[in-house]
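Note that ligands are numbered from 1 as they come in the structure, with each ligand's atoms numbered from 1 the same way. Scope of the values below: all heavy atoms of this structure, side chains included, with no hydrogens, waters or symmetry mates.
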Amino acid sequence: MSDPTRGTVTGGTPGLHIGVDYYPEHWPESRWPRDAELMAGMGVDFARMGEFAWHRFEPRAGNYDFTWMDLAIETLAAHGIRTVLGTPSAAPPAWLIRKHPEILPLDSQGRRTGFGGRHHDCQSNPVYRRYIRRLVTAMARHYRDNPHVVGWQIDNELGNSHDDLCFCRSCVHTFQGWLAEKYGSVEALNEAWGTAFWSQTYNSFAEIDAPRHTVAGKNPSQELDWKRFCSDLIVDFQRLQADILRRECPRHFITHNLMSFAEKVNYYDLARDLDFVSHDQYPSGFYLSGIDPARSAAQLDVVRSFASRPFWIMEQQAGISGWGVMGRAPEPGQLALWATQAVAHGADAVCFFRWRTCTVGTEQYWHGILPHDGEPGSRYAELAAWARAIKPQLAELAGSMPRVQVAIVYDYDQYWALSIQPQNPALRYVDELIYWYRLFYTQNITVDFIPEGRALDGYSLVIAPLQYLMRPEQEQRYRNYVRGGGHLILGYRAGVKDDQNRVRAEAPLPGVLLGELLGLRIRDYDCLQDAAVSLRAAADADNHADPAGTGTIWADWIELRGARPLLCYDGYNDDGPAVTVHDYGAGRACYFGTRPDQQTLARLLGPLLAELGLNPDPAAVLEVIERATATARWRFRLNHSAAPQDGLPPYGYDITRLDP
Ligand code: GLA
Ligand code: ZN
């Protein structure tokens with residue numbers, strides 16, 4: 001990993017910072033030179049190509065044709081533009097499906113999906129895998145020594161496009177093998193899944209099915225294992241290709257384009273087989289309820305966190321988004337601002353989706369830098385100016401990271417378990433994370449996301465929301481962290497379940513160890529479905545503010561056993577404690593038995609953030625974030641508003657180099 005030509009240390013290849021997603025197969029060859037010239041004119045260093053072009057690479061089984069891509073690569077290279085190649089496994093062609101219809105996935109109701117979209121693939125299917133292995137090997141051998149090719153993107157947004165992964169015989173068989181390996185005996189599985197309930201006991205692994213559509217209910221332990229299995233299957237599917245590319249193209253980097261908080265695959269796992277991760281960032285996707293810079297920032301921070309290093313943006317929004325319907329047009333300056341936000345949070349390269357707006361297919365209204373007619377317009381001008389200005393800075397700051405003192409625990413097991421049983425229909429795991437994230441974002445405190453199991457000691461404050469599944473090792477980790485001087489925040493539904501999604505029953509919530517750490521126990525609780533409770537500052541609280549707000553989602557009925565109340569219910573549950581703090585060892589552990597409104601949260605924790613030296617700026621109007629190396633530091637200021645703020649024009653930004 002230290003080969004400098006692979007550039008893994010800086011999250012990519014030095015010198016490559018501005019890219020475009022280009023689809024030469026959508027346009028006549030005669031147009032390519034003009035595209036290359038225009039790209040060069042806006043400072044483009046690289047293009048990602050090929051990730052959906054399986055049929056062009058292999059029009060018939062085993063007949064490979066790389067000549068068209070060779071020409072496209074050459075045409076771009078003549079203008080100094082290098083190529084990142086996508087492996088096209090996201091779009092198996094019609095001839096392959098015709099020949100092997102079992103490649104099409106089966107949904108949870110046993111319906112076979114059709115050809116005509118993308119990702120119509122069963123990822124465990126051995127025949128499909130054989131075709132991929134052959135094609136990727138042929139591509140890798142063909143491009144290994146092409147001086148203009150720098151790296152690979154495997155597939156495209158793995159886990160996207162699948163509501164359910166696939167419930168076919170091959171997948172169920174693979175699932176059974178996965179379970180046999182995990183549990184060793186079917187008796188152990190029966191115990192772990194609690195199959196005594198509703199007579200679900202199995203006599204052998206061969207009897208076990210995927211959790212497909214049922215008449216009534218499903219087994220939550222089976223569902224959780226299925227989600228874990230599907231994630232492992234996707235990781236394995238990527239590895240199949242990564243192994244080939246590593247072997248055949250040792251000088252090329254390997255990456256994949258993630259989708260921030262998507263839940264299909266554990267990205268911490270997926271990142272392990274990559275040199276660096278990439279991400280697709282669409283701040284005003286038409287499917288969103290509006291632009292939310294905090295959420296965009298969280299998406300970037302989580303991507304940086306997957307491998308704890310800088311990343312690439314492989315698709316950055318370049319215009320109106322849309323398939324059948326469209327989102328709003330970005331305001332002048334907003335595209336550049338969003339691209340800068342990506343850099344500010346750790347991107348070493350930004351590649352825009354897409355170069356030119358397509359005239360055919362599903363994504364005719366997903367606007368690229370160039371409009372349909374191919375003539376440069378306002379988006380080209382804006383991004384060309386942006387690229388010119390930021391390139392020298394990108395060259396310098398590549399490889400740098402923010403210095404972070406706050407971590408939010410983000411773990412897929414919690415995500416999955418809570419999507420299986422959300423407790424309150426309004427409770428969404430990622431929304432809960434963003435609720436906490438917003439506390440820091442609005443005060444310009446930078447945050448990492450960390451999986452359970454990662455070391456905590458580097459952080460002065462750790463927020464662990466919804467620690468619903470609790471493993472003994474994790475309880476110990478939290479305890480040791482606080483004992484050693486750390487500040488920890490836990491909240492409702494902590495410690496409810498074990499690793500197998502069974503309720504832990506050895507003690508009242510949150511369990512023996514966490515109870516001791518938090519200085520409390522939960523006597524009972526209330527799910528605030530469509531309800532809210534009033535909150536007030538606890539009389540003896542040492543916080544100087546005086547919050548009186550509301551709590552939603554959940555209400556724990558807390559019995560103090562050493563902890564002090566910070567917030568109490570008001571006119572509910574005998575005005576008992578709702579939020580508590582406990583001095584423990586050299587540190588402190590807070591517990592949130594409800595979700596205070598965002599303002600109350602900020603007022604309540606303001607003193608703690610200041611005490612920890614996190615420099616909160618509650619009056620901030622700009623987003624401010626830094627990246628640093630041992631020798632330099634860059635400060636980004638971003639104005640997400642339509643009005644001028646603090647010397648920045650609407651949607652303006654600036655970047656300042658500071659002393660380390
Ligand atoms: C995703 C995909 C792209 C394209 C865009 C726009 O991010 O990776 O191929 O489909 O969305 O829809
Ligand atoms: Zn399948």
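Protein heavy atom at the shortest distance from atom 9 (O) of ligand 1 is R118 NH1, 2.9 Å. The protein atom (non-hydrogen) at minimum distance from atom 11 (O) of ligand 1 is E315 OE1, 3.8 Å.
When heavy-atom distances to ligand 1 are checked against a 4.0 Å cut-off, N156 comes that close only through its side chain, counted from C-beta outward. Of all the heavy atoms of Q281, none lies under 4.0 Å from any atom of ligand 1, so neither backbone nor side chain is involved.
Interface atoms of ligand 1 facing F52, defined by a heavy-atom separation under 4.0 Å, are 9 (O). Close contacts of ligand 1 with E157, meaning ligand atoms under 4.0 Å from a residue heavy atom, involve 1 (C), 2 (C), 7 (O), 8 (O). Annotation for ligand 1: atoms under 4.0 Å from non-hydrogen atoms of D280 are 7 (O), 8 (O). The ligand atoms of ligand 1 that sit less than 4.0 angstrom from a heavy atom of W323 are 12 (O).
Ring-centre distance between F57 and W68: below the 6.0 Å cut-off. A distance of 6.0 Å or more separates the ring centres of Y22 and W27.
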F253/W152 under ring pair (Phe, Tyr, Trp, His ring centres under 6.0 Å): CA gap, chis, key distance, verdict: CA-CA 6 Å; F253 67 72; W152 298 84; 9.8 Å; no
Verdict with reasoning, F261 to Y410, per ring pair (Phe, Tyr, Trp, His ring centres under 6.0 Å): CA-CA 9 Å; F261 289 106; Y410 169 48; 5.3 Å; yes
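Comment: D107 engages R111 in a salt bridge, judged by a side-chain N to carboxylate O separation of less than 4.0 angstrom. Comment: D448 engages R304 in a salt bridge, judged by a side-chain N to carboxylate O separation of less than 4.0 angstrom.
For the residues E363, Q153, H279, the heavy atom positioned nearest atom 4 (C) of ligand 1 is part of E363.
Counting only distance, with no hydrogens or angles, the side chain of H148 and the backbone of A77 share no donor-acceptor pair below 3.5 Å.
Under the salt bridge (charged side-chain N to carboxylate O under 4.0 Å, His left out) criterion, the residue pairs touching residues 311-335 are R48-E315, with sequence neighbours excluded.
Within the protein, the number of N, O or S atoms lying under 2.8 Å from the Zn ion (ligand 2) is 4.
For the pair R438 and Y441, the cation-pi criterion (under 6.0 Å, within 45° of the ring axis) is not fulfilled.
Relative orientation of the Y23 and F52 rings is parallel, given thresholds of 30° and 60° on the angle between their planes.
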